[in-house]
Amino acid sequence: MELYDTYRREIHKFIPISKESVSLYACGPTVYDYAHLGNLRSYLFVDVLRRVLELNGFQLNHVMNITDVGHLTSDADSGEDKMEKGARKQGKSAWDIAKFFEKAFFDDLDYLGIKRPTTICRATEHIPEQIEYVEILQQRGYTYQTSDGVYFDTAKLPSYGKLAKLDIEGLQAGARVDIGEKKRVTDFALWKFSPDGQRQMQWSSPWGEGFPGWHIECSAMSEKYLGNKFDIHVGGEDHIPVHHSNEIAQCEGRHDHQPANFWMHGYFLQLGKEKLSKSGKSLLLSELINQGYDPLAFRYLVLTSHYRSHLQFSIKALDSAATALKRLTKMLSQWPDGGELSVEFVRQFMQCINSDLKTPQALAVLWAVTKSALSDADKKATILYFDQVLALSLERQPVVETVPQAVLDLAEQRQQARAAKHWQQSDELREQILKLGFAVKDSPQGCILAKI
RNA sequence: GGCGCGAUGACAGAGUGGUUAUGUAGCGGACUGCAACUCCGUCCACGCCGGUUCGAUUCCGACUCGCGCCUCCA
C-alpha cells in the first residue's frame, strides 16, 4: 500500500520496520474541554488508517497520548494554563477536569465506531521520562534556561522546520507575539517553572518546581512505547508547523534522526466560512445525537472526502450522508446471508483504500456493487467485507421502534377508513399520526409506522 | 506583515490531456386512493484571462476570490 508522507511531501510505498507489527503514534486530545466535530474528524482518519492496515494483514501497535497536563494557552509559552483555567471555571480540580473530558472523548469515539488504541498513555503518568529526555537534551547542548523555563535552542539544529518548510527568517520578521526571553521565535519550552502561586499540577525537577512543555510528552512517550524510530506518526494539520516540528527537533537533538518513517496529517473540517476551534465556534457530536442524528452519518460524511482535503460541514451535507447511510442499511437488511465475495469488486476497493486511503472512491465502488449484476447475497457479503474499513455498522438491523398505543389505535382507525375508501378521513388520521412523530408507509402487507 | 494551500454542477465531494466518479437534492415516468418506500430514466460543472497542444476542467503564467498557519486548535 501507498501513503502520503508530509515530511517528504510525496506518496511512498509503505514498508513497515518490523514484519510483526506496525508502530503507529497518534497525537491525542488535550482533555480540558469536549472534542468538537473537527477534532473527531481527525480521529476518524486515524481509525481508517488503522483499519486499512489491519485489512492488509498488519498487526497494530497503536499508541495515543492523553494530554492531561495544563500547559499554557499559547505556543509562545505565555498566557494562562488551559487546564487550570477550566478547573477554576467549573470549580473542580485540574485532575477531575482531565478525567471527566477523557471519558467524554472516549464516549464520542465509541459512537463513531473508532477502535481504541492498543496503548493509551497520559502525560502526567510519564513525568520522569520527560525529565530524563530534557536532561539528555541539556547534556547534548540543545537547551538554555531563562527566568521562566528551560528552552530548546532551535538555532543549534540546522534542519529545524524541514517538515513544515518553515521559513525561520520570515517567521522571525512576521511574528505577532512577543517572544519574551527566547532567543529565537521558534525556540520552545521543555520545562516551565511554576508561575506565581501554586499550580494544581506541578512536579520537582533538576531545574525546580514546574511542569513539562507541551511537545516533550509525545517524544518521551512515543520513544518509551515504540522506540526512537517507528513507522507512522499522525496528527492534525495544525501540528505540522509547531508541535511536530518540535517533536522532530527533540528527537534529532537526542538521537540525530527524526522519529517516524511516515508523517500523516488529517485536514480540518470547516464549518461554513468559520473554522472550528475550542476557543471559538464549536460543534459537538452529542448535540447532533440529541437532534436525532445517527453518529455514523457523520462518519459516512467524513468518508466521502479525502483526509487530506478540507471538508465543508453543514447540516445539509450531514442530511445527505444520513439518507445515503439509511438506504444502505435498509438494502443490506433485506438481502440474504451466505453470499460470496466478489473478487473483482474487492480488488477495486482495496486498490482505492491502499492508495493513500481514497475513501471517496471506495464508497463509489460500494455503490457500484449495489447496482451490479451480483446476487443480493454476494452483494451483501462483499459490502460487509468493505465495512471492516468503513465501519458503518451496515449489518445492523433497522431499529425496532416501540410505537405508542395511541399511534397504533390511530393507525388501526386509518386502516378501517382506507378499507371503506374514506380517503379524506384516512389523510386526516395520517396527519395526526405524523404529529405524534411517526410516518406512515402503506404496503401490501399493511401499514408500516416509522419514527421520524 | 511572513509562509503555505485551494477554486468542480443546487449541496457535499472524487477524478482526468480527448471517453467528464459517487451520494443527496431536482425533474420525468412506473407503483400508490393520494403519499411514503422502491424501481426506471434524466438535467446541471470544471473562477477569470492568456500560453503550450490536433485537443485543457486537467499542464504553465498572470489575475480575482477564498482558506489555513504564524494566538487556542485536530
Side-chain angles (χ1 to χ4, degrees), chain A residues 9 26-30 32-33 35-46 71-76 78-80 82 85 161 164-178 185-186 234-243 265-270 273-282 300-328 330-331 334 352 358-368 370-371 417-418 421-424 426-427 430 434 439-444 447-448 450:
Chain A
R9 306 273 164 156
C27 279
T30 303
Y32 69 97
D33 201 349
H36 56 62
L37 291 181
N39 300 122
L40 294 173
R41 182 191 185 195
S42 289
Y43 298 103
L44 282 167
F45 146 60
V46 180
H71 299 307
L72 301 175
T73 48
S74 103
D75 283 326
S78 59
E80 195 173 10
K82 289 179 284 202
K85 188 179 174 185
K165 294 183 173 172
L166 292 181
D167 171 8
I168 311 289
E169 296 300 317
L171 278 175
Q172 195 88 35
R176 291 190 310 196
V177 289
D178 180 12
V185 68
T186 47
V234 299
E237 61 167 320
D238 57 319
H239 284 158
I240 297 168
V242 178
H243 184 52
H265 297 92
Y267 280 62
F268 281 161
L269 178 78
Q270 290 179 270
K273 301 269 173 180
E274 285 189 68
K275 182 169 75 99
L276 289 165
S277 69
K278 290 199 172 175
S279 53
K281 204 158 204 162
S282 157
Y300 185 98
L301 176 62
V302 167
L303 292 173
T304 64
S305 71
H306 190 240
Y307 75 92
R308 272 192 293 119
S309 58
H310 291 159
L311 170 59
Q312 297 294 332
F313 180 85
S314 66
I315 288 298
K316 193 172 177 183
L318 182 66
D319 282 336
S320 82
T323 303
L325 181 57
K326 260 184 223 160
R327 286 189 57 212
L328 278 178
K330 189 174 175 187
M331 255 185 251
Q334 291 167 345
C352 295
K358 291 194 187 335
T359 53
Q361 289 91 328
L363 281 176
V365 172
L366 183 157
W367 285 100
T370 69
K371 293 172 197 159
R418 292 185 73 228
K421 297 193 191 295
H422 294 156
W423 306 128
Q424 196 182 338
S426 164
D427 288 348
R430 180 162 60 196
L434 195 64
V440 183
K441 300 170 185 182
D442 295 321
S443 79
C447 84
I448 296 163

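Throughout, a chain's letter reflects where its sequence line sits, starting with A, and its residues are numbered from 1. Atoms considered below: every heavy atom in the structure, side chains included; atoms not considered: hydrogens, waters and symmetry mates.
- Contact annotation: side chain of A/D442 to base of B/rC34, donor-acceptor pair present below 3.5 Å.
- For A/T359 (side chain) and A/A362 (main-chain N/O), no donor-acceptor pair under 3.5 Å exists by modelled atom type.
- On the C1' atoms, B/rU42 is 14 Å away from B/rA25, given to the nearest whole Å.
- Comparing B/rC60 with B/rG47, their P atoms are spaced 15 Å from each other, to the whole Å.
- Across all strands, A/A324 comes closer than 4.0 Å only to sugar-phosphate atoms, never to a base (heavy-atom distances).
- Of the listed nucleotides (B/rC11, B/rA21, B/rA74), B/rA21 has the atom at the smallest distance from the side chain of A/P360.
- Pair check for B/rC43 finds none; no Watson-Crick or G-U wobble contact set falls under 3.5 Å.
- The partner of B/rG4, taking Watson-Crick or G-U wobble pairs whose two distances both stay under 3.5 Å, is B/rC67.
- Atom OH of A/Y267 and atom P of B/rA14 are 13 Å apart (whole Å).
- Nearest nucleotide to the side chain of A/Q270, out of B/rC67, B/rC34, B/rA14: B/rC67.
- The gap from the P atom of B/rU71 to that of B/rC65 amounts to 26 Å, rounded to the nearest Å.
- As judged by a 4.0 angstrom heavy-atom cut-off over every strand, A/L366 is placed among residues making no nucleic acid contact.
- The closest side-chain donor-acceptor pair between A/H265 and A/E237, if any, does not fall under 3.5 angstrom.
- One atom, CG of A/L301, and another, P of B/rU22, lie 19 Å apart when rounded to the nearest Å.
- Following rounding to the nearest Å, A/L269 (CG) and B/rA12 (C1') show an atom-to-atom distance of 12 Å.
- Only the C1' atoms considered, B/rA7 is 42 Å distant from B/rA35, to the nearest whole Å.
- Base pairing of B/rC48 is not made with any nucleotide, judged by Watson-Crick or G-U wobble geometry with both donor-acceptor distances under 3.5 Å.
- Using a 4.0 Å heavy-atom distance criterion, A/K371 is classed as a sugar-phosphate-only contact.
- Among the protein residues, A/W367 comes within range of the sugar-phosphate backbone only, with heavy atoms under 4.0 Å from sugar or phosphate atoms but none that close to a base.
- Rounded to whole Å, atom C1' of B/rG13 lies 20 Å from atom CZ of A/F268.
- Among the protein residues, A/V440 comes within range of the nucleic acid bases, having at least one heavy atom under 4.0 Å from a base atom.
- Using a 4.0 Å heavy-atom distance criterion, A/H265 is classed as making no nucleic acid contact.
- At a cut-off of 3.5 Å, with distance as the only test, no side-chain donor of A/Q361 or A/H306 sits close to an acceptor on the other residue.
- Taking atom CE of residue A/M331 and atom P of nucleotide B/rU22, one finds them 14 Å apart after rounding to whole Å.
- Distance from the side chain of A/T304 is smallest for B/rA12 among the nucleotides B/rA12, B/rG33, B/rC67.
- Checked for salt-bridge contact, A/K316 and A/D319 miss the test: no charged N lies under 4.0 Å from a carboxylate O.
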Worksheet entry | Pair A/F45-A/V302, side-chain contact (heavy atoms from CB on, under 4.5 Å): steps then yes or no | CA-CA 8 Å; A/F45 146 60; A/V302 167; over 6 Å; no

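- Comparing B/rG23, B/rA14, B/rG33 against the side chain of A/S305 picks out B/rA14 as the nearest.
- In terms of phosphate contacts, A/S309 brings no side-chain nitrogen or oxygen within less than 4.0 Å of OP1 or OP2 of B/rG6.
- In this structure, B/rA14 makes no Watson-Crick or G-U wobble pair, since no nucleotide meets both defining distances under 3.5 angstrom.
- Among the heavy atoms of the strands lying under 4.0 Å from A/S426 is at least one base atom, whether or not backbone atoms are also near.
- Between the side chain of A/D238 and the base of B/rG68, no donor-acceptor pair of N or O atoms lies under 3.5 Å.
- Below the 3.5 angstrom threshold, one finds no donor paired with an acceptor across the side chain of A/T323 and the base of B/rG23.
- Annotation: A/Q334, atom CD; neighbour count of heavy atoms from other residues, nucleotides and ligands within 6.0 Å is above 12.
- On the P atoms, B/rC3 is 34 Å away from B/rA56, given to the nearest whole Å.
- In this structure, the nucleotide among B/rG33, B/rA12, B/rG23 sitting nearest to the side chain of A/S320 is B/rG23.
- Atom-to-atom, CZ of A/R308 to C1' of B/rG68 comes out at 16 Å; the value is rounded to the nearest Å.
- Here the shortest heavy-atom pairing between A/R9 and A/I240 reads NH2-CG2, 4.2 Å.
- Distance noted for atom P between B/rC27 and B/rG66: 34 Å (whole Å).
- When the nucleotides B/rC37, B/rG33, B/rC34 are ranked by their closest atom to the side chain of A/R430, B/rC34 comes out on top.
- Taking the side chain of A/Y43 as heavy atoms from C-beta on, and the options B/rA74, B/rA12, B/rA14, the nearest nucleotide is B/rA74.
- Using modelled atom types, one side-chain atom of A/N39 and one backbone atom of A/H36 make a donor-acceptor pair closer than 3.5 Å.
- As the counterpart of B/rU19, no nucleotide is assigned, since no Watson-Crick or G-U wobble pattern has both distances under 3.5 Å.
- The residue among A/C27 and A/Y300 whose nearest nucleotide of RNA chain B is located toward the 5' end is A/Y300.
- Here B/rA14 presents its P atom at 11 Å from CD of A/Q312, a figure rounded to the nearest Å.
- Using cut-offs of 30° and 60° on the angle between ring planes, the pair A/H310 and A/Y267 is tilted.
- With a cut-off of 3.5 Å on both pairing distances, B/rU32 has no Watson-Crick or G-U wobble partner at all.
- Listed candidates were B/rG68, B/rA14, B/rC11. Nearest to the side chain of A/K316 is B/rC11.
- Relative to the side chain of A/A364, the nucleotides B/rA21, B/rA14, B/rG68 differ in distance, and B/rA21 lies closest.
- Annotation: B/rC5 and B/rA10 have their P atoms spaced 29 Å apart (nearest Å).
- Nearest-nucleotide positions on RNA chain B place A/A164 closer to the 5' end than the other of A/K441 and A/A164.
- One C1' atom belongs to B/rC34, the other to B/rU22, and the distance between them is 33 Å to the nearest Å.
- One can place NE2 of A/H306 at 12 Å from P of B/rU16, the figure rounded to the nearest angstrom.
- Taking only side-chain atoms of A/Q361, from C-beta outward, the nucleotide of B/rA12, B/rA10, B/rA14 with the closest atom is B/rA14.
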